[in-house]
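The figures that follow rest on heavy atoms only: side chains count, while hydrogens, waters and symmetry mates do not. None of these values were measured; they are calculated from a predicted model.
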Amino acid sequence: NQYQFRTDSGGYSGTGVDVFISKKINDLSLWGSYSFQDLNCQFNTLQESKFPNNFNINHALNFSASYNYNNIKIATGIKWNIGKAATSPVSGNEVVDNEINYEPANTSNLPEYFRWDASITYDFKIGNTINIDTGISLWNITNKRNIINRYYEFTDINFPSAVTQNSLEFTPNALLKVRF
């Protein structure tokens with residue numbers, strides 16, 4: 001944002017609450033959490049002396065479940081949050097004096113983040129000394145394009161271009177672990 005290359009002294013403050021619940025029923029485990037945070041920066045030497053922190057994510061939810069049956073373990077989880085704080089150029093007035101004209105710092109948010117993952121593992125022995133762990137996991141099952149960062153740079157002197165960084169798309173993984 002407009003303060004990217006500034007060197008100033010200041011501070012950070014934050015308030016928040018985390019709520020975590022879990023329940024175990026025989027071989028089934030369930031977890032859920034909610035987080036609220038309000039993180040702010042304070043720099044008295046800047047035009048905007050107080051603004052949201054770059055990593056501010058006001059609301060986040062997580063739910064997970066796992067089930068164990070003999071040597072098979074199945075787990076799944078979802079993660080959702082509003083997008084983190086972001087700063088965009090002023091719409092319709094993006095460039096002033098050959099510089100990007102930003103809105104007030106971190107007054108926007110990136111799009112919401114959603115991810116669903118799952119895994120299954122199977123453990124077994126060969127003889128008395130060799131243990132084998134196998135499994136597969138699927139990250140971002142819905143293949144949602146989650147934006148984790150966005151900044152702006154000039155590719156044309158008259159208009160800034162957004163550079164967007166995304167999290168992983170659908171990603172399958174395999175596991176083979178031999179212990180002896």
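A distance-only check finds a donor-acceptor pair linking the side chain of N109 to the backbone of G83 [under 3.5 Å]. With T171 contributing its side chain and E169 its backbone, the two residues share a donor-acceptor pair below 3.5 Å. At least one donor-acceptor pair under 3.5 Å links the side chain of N143 to the backbone N or O of F170.
A single hydrophobic cluster is not seen to contain both I141 and I136; linkage of ILVMFWY side chains at heavy-atom distances under 4.5 Å, directly or through other members, places them apart. Residues L175 and W139 do not share a hydrophobic cluster, clusters being chains of Ile/Leu/Val/Met/Phe/Trp/Tyr side chains in contact below 4.5 Å. Taking hydrophobic clusters as Ile, Leu, Val, Met, Phe, Trp and Tyr residues chained together by side-chain heavy-atom distances below 4.5 Å, Y113 does not share a cluster with L61. At a threshold of 4.5 Å between side-chain heavy atoms, the hydrophobic network of Ile, Leu, Val, Met, Phe, Trp and Tyr places I78 and I57 in one connected group. Taken together through direct or relayed side-chain contacts under 4.5 Å among Ile, Leu, Val, Met, Phe, Trp and Tyr, F55 and V17 form parts of separate hydrophobic clusters.
Looking at I72 and I120, their side chains come closer than 4.5 Å, going by heavy atoms from C-beta outward. Side-chain contact between N101 and P89 is absent, with no heavy-atom pair separated by less than 4.5 Å. Residues I130 and V178 form a side-chain contact, since some pair of their non-hydrogen atoms from C-beta on lies under 4.5 Å apart. Under the 4.5 Å side-chain criterion, counting only non-hydrogen atoms from C-beta, I126 is in contact with I132.
Summarising the geometry of N140 relative to D117, their closest heavy-atom pair is N-OD1, 2.8 Å, with the distance given to 0.1 Å. Closest approach of G32 and F63 over heavy atoms only: CA-CD2, 3.9 Å. The two residues E103 and A86 make their nearest non-hydrogen contact at OE2-O, 4.0 Å. The minimum heavy-atom distance between W31 and S66, with the atom names listed, is CH2-OG, 3.4 Å. Contact between F154 and E99 at its shortest, heavy atoms only, is CZ-C, 3.8 Å.
Listed by chain and number, the residues in a side chain to side chain contact (heavy atoms under 4.5 Å, CB included) with L39 are Q37, N53, N56 (sequence neighbours excluded). With sequence neighbours left out, the side chain to side chain contact (heavy atoms under 4.5 Å, CB included) criterion links E153 to Y151, V163. When the side chain to side chain contact (heavy atoms under 4.5 Å, CB included) test is applied to I25, the partners found at least two apart in sequence or on another chain are K23. With sequence neighbours left out, F36 forms a ring pair (Phe, Tyr, Trp, His ring centres under 6.0 Å) with H59.
Annotation: side chain to side chain donor-acceptor pair (under 3.5 Å) contacts involving residues 74-90, sequence neighbours excluded, comprise T76-W116, W80-E112, T87-N106.
Summarising the hydrophobic clusters (Ile, Leu, Val, Met, Phe, Trp, Tyr; side-chain heavy atoms under 4.5 Å, direct or chained), the residues clustered with L28 are L30, Y67, Y69.
Dense packing is recorded around OH of Y34, with more than 12 heavy atoms of other residues, nucleotides or ligands lying under 6.0 Å away. Other residues, nucleotides and ligands place more than 12 heavy atoms under 6.0 Å from the CD atom of Q42. Taking a 6.0 Å sphere around CG of N93, one finds it holds more than 12 heavy atoms contributed by other residues, nucleotides or ligands.
Going from atom OG1 of T164 over to atom CG of N149 covers 8.5 Å, rounded to the nearest 0.5 Å.
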